[in-house]
Amino acid sequence: MSTIMKPLHMARNFIRACVCNGEQVIDATAGNGYDTFFLAQQVGDGGKVFSFDVQEEALGRTRKLLEEKNLLHRVVLILDGHEHISYHVEKPVAAIMFNLGYLPGGDHSIITRPKTTVRALQAGLSMLKPQGIITLVVYTGHEGGEEEKRALISLCQRLDQKQFTVLHYSMVNQVNDPPSLIVVEKIH
Ligand SMILES: C[S@@+](CC[C@H](N)C(=O)[O-])C[C@H]1O[C@@H](n2cnc3c(N)ncnc32)[C@H](O)[C@@H]1O
């Protein structure tokens with residue numbers, strides 16, 4: 001086992017460090033439900049995970065996983081784009097996870113897009129509690145992925161350092177477009 005963690009594992013470590021029992025959090029891309037399951041474990045019975053996806057298939061898979069794990073009561077499944085998170089969830093939230101791209105084992109033409117992902121990140125920034133975090137696992141191997149990453153980095157670089165700290169974690173010697181991780185923490 002390697003000491004250097006993969007971006008998704010790193011994202012989960014950040015979330016573990018900042019989410020407490022009873023808090024509300026968002027999974028902005030439910031997909032197969034693994035991140036929703038992870039978040040549901042972190043928030044405990046008093047907390048809530050609001051889980052978004054634009055595909056019924058993804059929410060169906062997420063529901064099934066959470067039912068199997070007996071944690072569906074901690075989750076609200078929402079069939080809508082993450083650019084609309086503020087319509088469905090009251091602030092503040094302790095954490096928001098994005099795992100971008102397409103649904104593995106699903107329709108690869110339904111992917112996250114730069115414009116809506118940037119809108120979702122902007123909305124998410126205004127919903128974070130102090131010391132709350134947003135994690136984004138970003139993929140560049142598919143069409144539009146590089147553009148999405150550039151748009152996100154560009155937005156993050158313009159954030160006021162007195163309000164937000166931003167980290168970009170990436171492998172520099174791996175072939176085949178490895179994913180990278182962006183983490184934004186709200187300072188106060
Ligand atoms: C890489 S998958 C997510 C993996 C998931 N977090 C997991 O643990 O299995 C990306 C998901 O984003 C969804 N998606 C695409 N555009 C979206 C949008 N605007 N809002 C919310 N979800 C979106 C896709 O349908 C897909 O299921």
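Indexing begins at 1, ligand by ligand and atom by atom, following the structure's order.
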Where on T36 is there a heavy atom closer than 4.0 Å to ligand 1, on the side chain, on the backbone, on both, or on neither? neither
Within the 4.0 Å heavy-atom shell around A30, which atoms of ligand 1 are there? 5 (C), 6 (N), 7 (C), 9 (O)
Nearest protein heavy-atom contact for atom 23 (C) of ligand 1: which residue, which atom, what distance? V54 CG2, 3.8 Å
re atom 9 (O) of ligand 1, the protein heavy-atom contact at minimum distance is N32 N, 2.9 Å
Between Y169 (side chain) and M5 (backbone), is there a donor-acceptor pair under 3.5 Å? yes
Other residues, nucleotides and ligands only: do more than 12 of their heavy atoms fall within 6.0 Å of OH on Y102? no
Which of the atoms in ligand 1, numbered in the order shown and given with their element, are less than 4.0 Å from a heavy-atom of Q55? 24 (C), 25 (O)
Going by the closest heavy atom to atom 25 (O) of ligand 1, which one wins out of T117, D53, L103? D53
Value for CD (E57) from CD1 (I110), rounded to nearest 0.5 Å, stands at 8.0 Å
Examine the side chains of D80 and Y87 and answer whether a donor and an acceptor come within less than 3.5 Å of each other. no
Verify whether one side chain among T36 and S51 offers a donor that lies under 3.5 Å from an acceptor in the other. yes
Identify the closest protein heavy atom to atom 8 (O) of ligand 1: which residue and atom is it, and at what distance? D35 N, 3.0 Å
Heavy-atom distances under 4.0 Å decide this one: backbone, side chain, both or neither, for Y102 against ligand 1? backbone
heavy-atom search around atom 20 (N) of ligand 1 in the protein gives H82 N, 2.8 Å
Quick one: which ligand 1 atoms are inside 4.0 Å of a heavy atom on G81? 18 (C), 19 (N), 20 (N)
Below 4.0 Å from ligand 1: does a non-hydrogen atom of V137 turn up there or not? no
Please could you name the atoms of ligand 1 that G101 approaches to less than 4.0 Å, counting only its heavy atoms? 10 (C)
Determine whether the side chains of T117 and E148 contain a donor N or O and an acceptor N or O closer than 3.5 Å. yes
Would a distance-only check, ignoring hydrogens and angles, find a side-chain to backbone donor-acceptor pair under 3.5 Å from Q42 to F38? yes
So if I count the atoms of ligand 1 from 1 in the order they appear, which ones are less than 4.0 Å from some heavy atom of G33? 7 (C), 9 (O)
Looking only at protein heavy atoms, what sits closest to atom 19 (N) of ligand 1 is E83 OE1, 3.1 Å
Under 3.5 Å, N or O to N or O, is T29 touching ligand 1 that way? yes
Under 3.5 Å: donor-acceptor pair, side chain of E185, backbone of Q163: no
Measure from the ring center of F52 to the ring center of H82 and say whether it is less than 6.0 Å. no
What atoms of ligand 1 come within less than 4.0 Å of a heavy atom belonging to Y34? 7 (C), 8 (O), 9 (O)
Looking only at protein heavy atoms, which one is nearest to atom 10 (C) of ligand 1, and what is the separation? N99 O, 3.3 Å
Looking only at heavy atoms of A28, does any of them come nearer than 4.0 Å to an atom of ligand 1? yes
I'd like to know whether NZ of K6 has more than 12 heavy-atom contacts from other residues, nucleotides or ligands below 6.0 angstrom. no
Are the charged groups of E147 and R113 less than 4.0 angstrom apart, N to O? no
Side chain or backbone of R113 under 4.0 Å from ligand 1, or both, or neither, by non-hydrogen atoms? neither
Give a yes or no answer on whether the side chain of H142 reaches the backbone of I111 with a donor-acceptor pair at less than 3.5 Å. no
Going by the atom numbers of ligand 1, which of them fall below 4.0 Å from some non-hydrogen atom of L100? 1 (C)
